[in-house]
Number of protein chains: 2
Amino acid sequence: MAFTIGELGKATGTKVETIRYYERIGLLAKPERTSGNYRSYGKTELGRLSFIRRARDLGFPLDQVRALLSLSDDRTRDCATIDALARNHLAEVERKIADLTALRSQLSALLDSCKGGTIGDCRIIEALAPPATSVKAL
Amino acid sequence: MAFTIGELGKATGTKVETIRYYERIGLLAKPERTSGNYRSYGKTELGRLSFIRRARDLGFPLDQVRALLSLSDDRTRDCATIDALARNHLAEVERKIADLTALRSQLSALLDSCKGGTIGDCRIIEALAPPATSVKAL
DNA sequence: CTTGACCCTGTAGTTACTACAGGGTGTATA
DNA sequence: TATACACCCTGTAGTAACTACAGGGTCAAG
């Protein structure tokens with residue numbers, strides 16, 4: 001029923017240092033201590049940390065996680081705020097996917113152009129160093 | 001033929017502070033100075049900075065950019081090293097795309113489940129806080 | 001009773017910049 | 001000539017989200 005920081009870390013897939021970090025920045029409350037000054041956690045903290053990690057895995061930055069936590073603490077609040085948060089986040093994820101997809105095709109093109117040989121005629125280097133004419137005029 | 005740091009920044013889409021930062025970490029050589037102690041750049045630096053920015057835009061981290069630069073300086077070297085670098089990078093980009101795509105469908109599902117109402121029955125919060133049974137046993 | 005795994009605090013490092021503070025320079029205008 | 005203004009200089013500290021020590025204390029097993 002009571003775990004050490006290491007056990008909490010294993011249960012949630014979080015490094016011990018990260019848990020202490022979350023405590024330092026106020027994302028987790030200061031837990032009780034044992035006689036030997038070890039942090040002692042219960043189910044509540046386990047739940048809260050799981051929530052944080054899951055939101056983080058979904059790519060929410062810590063300040064949004066913080067907002068999510070305080071929203072979820074006030075159960076009378078309207079769901080719309082949370083919906084908006086998630087909707088914005090989804091839009092961001094979609095933008096990142098688009099960026100990376102464009103990047104992937106550029107990299108593939110780069111690789112196709114590499115036919116071996118010495119760097120003197122390596123197309124990758126050429127492709128990375130755009131001709132002076134493509135540089136905005138001063 | 002000679003530009004100030006601000007002009008170089010404009011020409012390459014780089015902030016002045018970033019250029020000074022690149023100089024500090026040795027990615028750009030220390031440039032000549034004018035009588036008034038202003039940095040003075042020429043075409044060589046313009047090319048090198050363009051190269052750096054383009055590689056960065058393609059998502060190469062700075063230490064790989066550094067590697068790319070030193071490889072491209074030794075024109076007798078085999079193109080294979082560069083090919084490998086780019087190939088690894090492509091694999092990473094593809095992994096990120098896969099991650100984000102999975103994330104997108106999770107977020108979409110989350111949003112579909114939000115039918116309004118108060119947070120007490122908000123499915124997003126529920127979805128983020130997995131049931132205790134899904135937490136690895138201690 | 002000692003070894004080893006774990007815990008503690010506090011500080012500094014990581015990546016790739018970005019943002020001041022507190023000054024100097026260069027040029028255009030009144 | 002004065003002065004306003006945009007730009008430049010150095011140096012330091014801040015950002016996100018951890019991660020990695022250093023230098024100790026605690027606890028269970030053999």
Side-chain angles (χ1 to χ4, degrees), chain A residues 2-42 45 48-49 51-69 89 92-93 96 99 103 138, chain B residues 2-28 30-42 45 48-69 89 92-93 96 99 103 138:
Chain A
F3 342 114
T4 66
I5 195 170
E7 287 164 343
L8 185 64
K10 247 169 219 152
T12 58
T14 316
K15 297 209 168 138
V16 165
E17 288 93 342
T18 306
I19 298 176
R20 286 198 282 246
Y21 167 73
Y22 287 164
E23 180 185 328
R24 209 161 55 243
I25 64 170
L27 217 53
L28 291 175
K30 299 194 174 190
E32 315 219 327
R33 298 292 182 124
T34 66
S35 55
N37 200 31
Y38 282 19
R39 285 170 181 82
S40 175
Y41 298 96
E45 286 94 337
R48 195 173 172 93
L49 183 53
F51 182 103
I52 295 170
R53 294 309 292 185
R54 191 145 160 66
R56 289 289 299 125
D57 284 350
L58 288 173
F60 288 93
L62 279 186
D63 56 353
Q64 284 187 28
V65 175
R66 208 188 285 272
L68 244 20
L69 280 168
H89 188 51
E92 241 172 70
V93 167
K96 270 188 204 162
D99 280 2
L103 175 52
L138 302 171
Chain B
F3 342 112
T4 65
I5 195 170
E7 287 164 342
L8 184 64
K10 247 168 221 154
T12 58
T14 315
K15 296 209 168 138
V16 165
E17 288 94 342
T18 305
I19 298 175
R20 287 197 283 245
Y21 167 72
Y22 286 163
E23 180 184 328
R24 208 162 56 244
I25 64 170
L27 217 53
L28 290 175
K30 300 194 174 192
E32 315 220 324
R33 298 292 183 126
T34 65
S35 55
N37 200 31
Y38 283 19
R39 285 170 181 81
S40 174
Y41 298 96
E45 286 95 339
R48 195 173 174 96
L49 183 54
S50 302
F51 182 103
I52 294 171
R53 294 309 293 184
R54 191 147 160 65
R56 290 289 300 125
D57 284 349
L58 288 174
F60 287 93
L62 280 185
D63 57 351
Q64 284 188 28
V65 175
R66 208 187 284 273
L68 244 19
L69 279 168
H89 188 51
E92 242 171 70
V93 167
K96 270 187 205 164
D99 280 2
L103 174 52
L138 301 172

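The sequence lines fix the lettering, A, B, ..., with proteins before strands; numbering per chain opens at 1.
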Nearest whole Å is fine: how far is C/dT15 P from B/Gln64 CD?
12 Å
What is the distance from CG of A/Asn37 to P of C/dC6, rounded to the nearest Å?
19 Å
Could you give the CD-to-C1' distance, from A/Glu7 to C/dA5, as a whole number of Å?
13 Å
When we call it a touch if two heavy atoms are under 4.0 Å apart, what does A/Arg20 touch: a base, just sugar-phosphate, or nothing?
base
Which comes earlier along DNA chain D counting from the 5' end, the contact point of A/Thr34 or that of A/Lys15, where each point is its nearest nucleotide?
A/Lys15
Can you name the residues that form a salt bridge (charged side-chain N to carboxylate O under 4.0 Å, His left out) with A/Glu23, not counting sequence neighbours?
A/Arg39
Can you check side chain to side chain contact (heavy atoms under 4.5 Å, CB included) on B/Arg53 and B/Tyr22, steps first, answer last?
CA-CA 11 Å; B/Arg53 294 309 293 184; B/Tyr22 286 163; 2.8 Å; yes
Atom-to-atom span, OH of B/Tyr21 to P of C/dT15 - whole angstrom:
8 Å
What range of DNA chain D does chain B touch, first nucleotide to last, counting atoms under 4.0 Å from its heavy atoms?
D/dC7 to D/dT10
Assert: residue with more 5' nearest nucleotide on DNA chain C, out of A/Arg33 and B/Leu62, is A/Arg33
On a heavy-atom basis, which atom in B/Ser40 and which in B/Ala2 lie closest, and how many Å separate them?
OG-CB, 3.7 Å
For B/Phe60 and B/Val65 the tightest heavy-atom approach is O-CG2, 3.8 Å
Would one find a side-chain N or O of A/Thr4 under 4.0 angstrom from OP1 or OP2 of C/dC7?
yes
List the steps, then state whether side-chain hydrogen bond (donor to acceptor under 3.5 Å, both in side chains) holds for A/Tyr41 with A/Arg48.
CA-CA 11 Å; A/Tyr41 298 96; A/Arg48 195 173 172 93; over 6 Å; no
Tell me: CZ of B/Arg39 to P of C/dG24, nearest whole Å?
17 Å
Given C/dC7, C/dG24, C/dC17, which nucleotide is nearest the side-chain atoms of B/Tyr38?
C/dG24
Judged by nearest nucleotide, the residue sitting upstream toward the 5' end of DNA chain C, B/Gly36 or B/Pro61, is B/Pro61
Near B/Glu92 CD, under 6.0 Å, is it more than 12 heavy atoms from other residues, nucleotides or ligands?
yes
Can you tell me which nucleotide in C/dG26, C/dC7, C/dC17 comes closest to the side chain of B/Thr18?
C/dC17
Send over the distance from A/Leu8 CG to C/dC6 C1', rounded to a whole Å.
15 Å
Over all strands shown, is A/Ile25 touching base, sugar-phosphate only, or nothing at heavy-atom distances under 4.0 angstrom?
nothing
Please name the pair of heavy atoms, one in B/Ile19 and one in B/Ile5, separated by the smallest distance, quoted to 0.1 Å.
CD1-O, 3.7 Å
